[in-house]
Protein chains: 2
Amino acid sequence: MRPVSFRNCYIRIDLPSTSLVVVSFMKDASEKRRSVTLADVARQANVSKATAARVLGGYGVVSESAHEDVMKAAQALDYRPNELARSMTTGRSGLIGVVVGDIENPFFSFAVRGISDAARAAGFNVILANSGEEIEAEKAAVRVLIGKRVDGLIVTSADCRDISHLRDVHLSGRPLALLDRALPDLDVDAVTVDDRDAAMRATRLLVDAGHRRIAYVTAAEDAEIRGADGLPVISTSTVRDRIEGFLAACREADIAQPERSVLFGAKKTATRAIVAGALAASDRPTAILASDSIIALETFKAIREARLRIPDDISLITFHDADWTSVTSPPITAVDQPVYSLGKSVADLLIRRLKGDMAAVERIVIAASLIERGSVGPPPH
Amino acid sequence: MRPVSFRNCYIRIDLPSTSLVVVSFMKDASEKRRSVTLADVARQANVSKATAARVLGGYGVVSESAHEDVMKAAQALDYRPNELARSMTTGRSGLIGVVVGDIENPFFSFAVRGISDAARAAGFNVILANSGEEIEAEKAAVRVLIGKRVDGLIVTSADCRDISHLRDVHLSGRPLALLDRALPDLDVDAVTVDDRDAAMRATRLLVDAGHRRIAYVTAAEDAEIRGADGLPVISTSTVRDRIEGFLAACREADIAQPERSVLFGAKKTATRAIVAGALAASDRPTAILASDSIIALETFKAIREARLRIPDDISLITFHDADWTSVTSPPITAVDQPVYSLGKSVADLLIRRLKGDMAAVERIVIAASLIERGSVGPPPH
DNA sequence: GTGAAAGCGCTAACAG
DNA sequence: CTGTTAGCGCTTTCAC
């Protein structure tokens with residue numbers, strides 16, 4: 001029996017009129033208030049822990065009267081179940097872990113919205129981790145989430161060459177689903193966009209307008225190692241697919257050495273300098289295809305700084321139809337990826353697995369559409 | 001001893017050339033692979049659970065050799081601690097719960113980035129919940145997070161009139177910090193922006209340019225109940241502060257009945273219609289102040305649809321300097337809230353509490369700055 | 001230094 | 001229908 005103490009006392013006085021006055025005694029940090037447990041409720045209700053657990057956990061069968069007693073006791077004691085303990089014994093946490101590259105990128109935040117809507121609808125919560133597109137951070141995130149015993153995992157992997165951590169997850173039997181980026185070597189559910197096709201269509205639009213010098217700007221790093229095709233080894237499928245689509249469309253149009261028109265390394269601050277450099281060249285591109293909306297925004301700024309007009313001097317198309325693309329002058333033609341449904345679809349897929357669906361692995365590829373606006377015109381002569 | 005089974009076997013064959021072939025046998029769902037526990041490691045290392053726990057948990061003292069044995073065993077078995085069990089006994093989860101109004105709003109996603117950066121630096125993980133600006137969803141989110149035994153909570157409360165759930169959290173002794181929106185009735189740490197001052201300065205800029213008919217567009221609902229000041233009861237401090245700042249600056253300039261120029265209800269889709277309506281009136285405003293960047297974007301579109309030019313026909317200022325404000329023609333003058341540091345500051349504050357700082361409650365108010373661009377000019381005559 | 005044993009709060013057999 | 005009894009995987013006294 002602990003000694004009675006006024007240290008943790010709170011007196012709440014409901015005034016007839018409006019506000020609630022709360023008089024709180026000084027709290028003693030060392031003496032942490034033990035939260036009320038199922039055992040407390042059971043004792044108060046004069047039933048066994050098992051019975052109390054049954055009504056509070058909403059399973060099994062209990063008599064009318066017992067149910068009532070327990071509920072009343074729980075109410076009185078302000079009982080809140082300890083989800084941790086519950087997860088511990090059931091093995092389920094009700095959590096879906098999500099690892100994305102960059103939550104600040106509207107592409108991802110919109111997808112995450114799709115995921116959390118689907119999750120909430122199915123009674124799951126989402127725990128979100130940011131990898132910052134760094135493989136080590138991604139591994140750490142996965143480790144932490146697994147440690148937290150998430151029921152399932154959705155990840156946008158930063159590097160397809162290093163997937164041991166994902167393979168481990170998969171082997172451990174915990175449902176895993178891939179968002180936006182496919183991993184050919186990993187046989188798990190995935191929902192992606194047909195980036196290659198989208199890039200081809202966007203490039204064709206430019207080619208059809210008469211462009212021959214088209215630059216593709218991407219955040220991917222230009223690696224030292226180059227493959228047989230003269231391209232650096234690209235570590236994410238979306239990036240690679242888009243570049244391939246771009247190159248294929250260029251070759252289709254008999255444009256020579258299109259791989260020389262791929263501009264790498266367009267990370268946040270670097271983009272503007274890279275594009276500015278390209279624009280300053282004597283054979284500057286007459287059209288640019290940006291691999292995401294953040295890059296496109298910087299590209300737009302670089303074009304403006306170079307005092308070039310869109311589409312008269314240069315045409316521009318971007319991947320991802322961000323909110324701003326329609327308010328620039330002119331508005332920007334964009335590849336519209338169904339981002340929200342991308343998120344919703346993976347989540348739905350994962351949730352089906354969590355509910356025991358053992359059907360064959362699904363790899364859903366969603367088509368993107370092209371929204372034509374005013375940023376594409378014929379090249380200047 | 002479990003019988004040997006090939007059910008869970010995976011054979012990985014590394015081919016000399018390129019790809020990795022994975023042959024996976026059918027997995028049997030019923031036979032869930034029990035993850036390796038501390039006891040397994042202890043057994044393998046020929047030590048007691050306690051010793052294994054000491055080295056794996058990084059506390060207490062162990063002999064050199066024992067340490068080595070345990071580490072080796074853990075490595076061999078690919079041991080991953082069960083954070084759940086750990087949290088259960090220690091009472092700490094290493095989780096910071098964050099409840100925001102709308103993760104899609106770049107304002108919040110940027111703040112969340114600040115929070116998670118600070119959290120990661122201090123060894124905490126972030127679990128994120130979206131309230132959709134609905135008080136019931138917020139309450140549910142708080143309940144869930146508390147159930148998950150988060151160590152601390154950061155919330156942007158959707159309604160300052162209903163804070164019983166937050167009061168409960170506070171009373172339970174779990175650290176709570178408020179982000180962006182103050183709650184005068186709740187004596188907890190908070191980091192907010194000086195919205196009133198920012199609104200005044202923005203409005204003054206308009207007044208000084210000669211404007212007399214200035215509209216303030218906000219997402220807040222126009223309630224039936226009105227206070228003594230003729231304004232509906234506003235449930236969030238930021239919204240109220242901004243409106244008050246706007247009104248104060250108007251009164252300062254002897255503008256009559258400025259409260260009639262506050263346009264309520266600018267939720268996503270509604271904004272454009274509301275602004276369009278105002279622009280169609282004979283005494284249409286000559287300047288608009290938008291309460292966030294999403295509203296500003298829609299307002300911009302409405303202005304363009306009304307074939308009005310900025311700033312010749314109408315001036316525009318927005319709260320929150322979203323990425324797009326600098327690429328429109330003309331670029332938009334904006335109130336620049338230090339969003340990232342807002343998030344970082346609350347997180348730092350909360351983390352200090354988690355580490356036992358019992359100092360007096362802090363309410364940090366950060367000043368916003370005004371970025372003047374080309375969207376403000378004199379009113380048309 | 002190390003080990004045995006007692007929980008943390010809950011669920012899940014298994015009897016009654 | 002209800003209670004008893006084991007655990008879940010880990011930390012943490014408390015002896016040795």
Side-chain angles (χ1 to χ4, degrees), chain A residues 2 32-71 73-74 77-95 144 146-151 172, chain B residues 30 32-71 73-74 77-95 144 146-151 172:
Chain A
R2 290 194 315 179
K32 49 189 72 159
R33 181 223 272 334
R34 209 181 52 75
S35 43
V36 335
T37 74
L38 188 132
D40 298 330
V41 176
R43 201 174 311 120
Q44 172 99 358
N46 270 316
V47 294
S48 71
K49 269 170 58 184
T51 304
R54 278 190 265 262
V55 4
L56 263 12
Y59 58 91
V61 217
V62 234
S63 73
E64 194 83 347
S65 68
H67 183 98
E68 200 171 306
D69 290 352
V70 172
M71 286 310 267
L77 266 42
D78 191 30
Y79 167 77
R80 321 274 184 96
N82 182 338
E83 299 291 342
L84 239 46
R86 180 170 288 177
S87 302
M88 187 74 205
T89 48
T90 58
R92 281 165 282 121
S93 65
L95 242 40
V144 169
I146 292 298
K148 298 285 183 220
R149 294 299 189 262
V150 293
D151 292 341
S172 78
Chain B
S30 64
K32 52 188 72 155
R33 183 220 272 334
R34 210 181 52 74
S35 44
V36 336
T37 75
L38 186 128
D40 298 330
V41 176
R43 201 174 311 122
Q44 173 101 356
N46 270 318
V47 293
S48 71
K49 269 169 59 184
T51 303
R54 278 190 264 261
V55 2
L56 264 11
Y59 56 91
V61 216
V62 244
S63 72
E64 194 84 346
S65 71
H67 183 98
E68 200 172 304
D69 290 351
V70 172
M71 287 310 267
L77 266 43
D78 189 31
Y79 167 78
R80 322 275 183 94
N82 182 338
E83 299 291 342
L84 237 48
R86 181 170 287 177
S87 301
M88 203 152 124
T89 46
T90 59
R92 281 165 283 119
S93 65
L95 244 38
V144 169
I146 292 298
K148 299 283 185 223
R149 293 300 188 263
V150 293
D151 292 341
S172 78

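Per chain, numbering begins at 1; letters A, B, ... match sequence-line order.
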Check whether any side-chain nitrogen or oxygen of A:Thr37 sits under 4.0 Å from OP1 or OP2 of C:dG9, and answer yes or no. no

Rounded to the nearest angstrom, tell me the gap between atom CZ in A:Arg43 and atom P in C:dG9. 11 Å

Once you apply a heavy-atom cut-off of 4.0 Å, does A:Val61 come out as touching a base, just sugar-phosphate, or nothing? base

Please assess A:Val70 against A:Leu56 for the test side chain to side chain contact (heavy atoms under 4.5 Å, CB included), listing each intermediate value before the final yes or no. CA-CA 8 Å; A:Val70 172; A:Leu56 263 12; 3.9 Å; yes

Taking atom P of D:dT11 as reference, at what distance in whole Å does atom CG of B:Leu84 sit? 12 Å

Taking the side chain as everything from C-beta on, heavy atoms only, tell me whether A:Gln44 gets closer than 4.5 Å to A:Val36. no

Is the closest side-chain heavy-atom distance between B:Arg86 and B:Glu83 below 4.5 Å? yes

Can you find a heavy atom in the side chain of A:Val144 that is under 4.5 Å from one in the side chain of A:Lys148? yes

Pick the closest DNA chain C nucleotide for A:Pro81 and for B:Val62 by heavy atoms, then say which residue is nearer the 5' end. B:Val62

Mind checking whether A:Ser87 and A:Arg149 have side chains closer than 4.5 Å, heavy atoms only? no

Atom CZ of B:Arg149 and atom P of D:dT11 are separated, to the nearest Å, by 18 Å

Treat primed atoms plus P, OP1 and OP2 as sugar-phosphate and everything else as base, then score nucleotides 11-16 of chain C 5' to 3': B for base contact with protein heavy atoms under 4.0 Å, S for sugar-phosphate contact only, - for none. BB----

What integer distance in Å separates B:Glu83:CD from D:dC10:P? 10 Å

Is A:Thr51 near enough to D:dG3 that one of its side-chain N or O atoms lies under 4.0 angstrom from OP1 or OP2? yes

Minimum heavy-atom distance A:Tyr79-A:Thr37, with the two atoms named: CE1-C, 3.6 Å

Rounded to whole Å, the CE-P distance (A:Met88 to D:dG9) equals 6 Å

Rounded off to whole Å, could you give me the CD-to-P distance for the B:Glu68 and C:dG1 pair? 16 Å

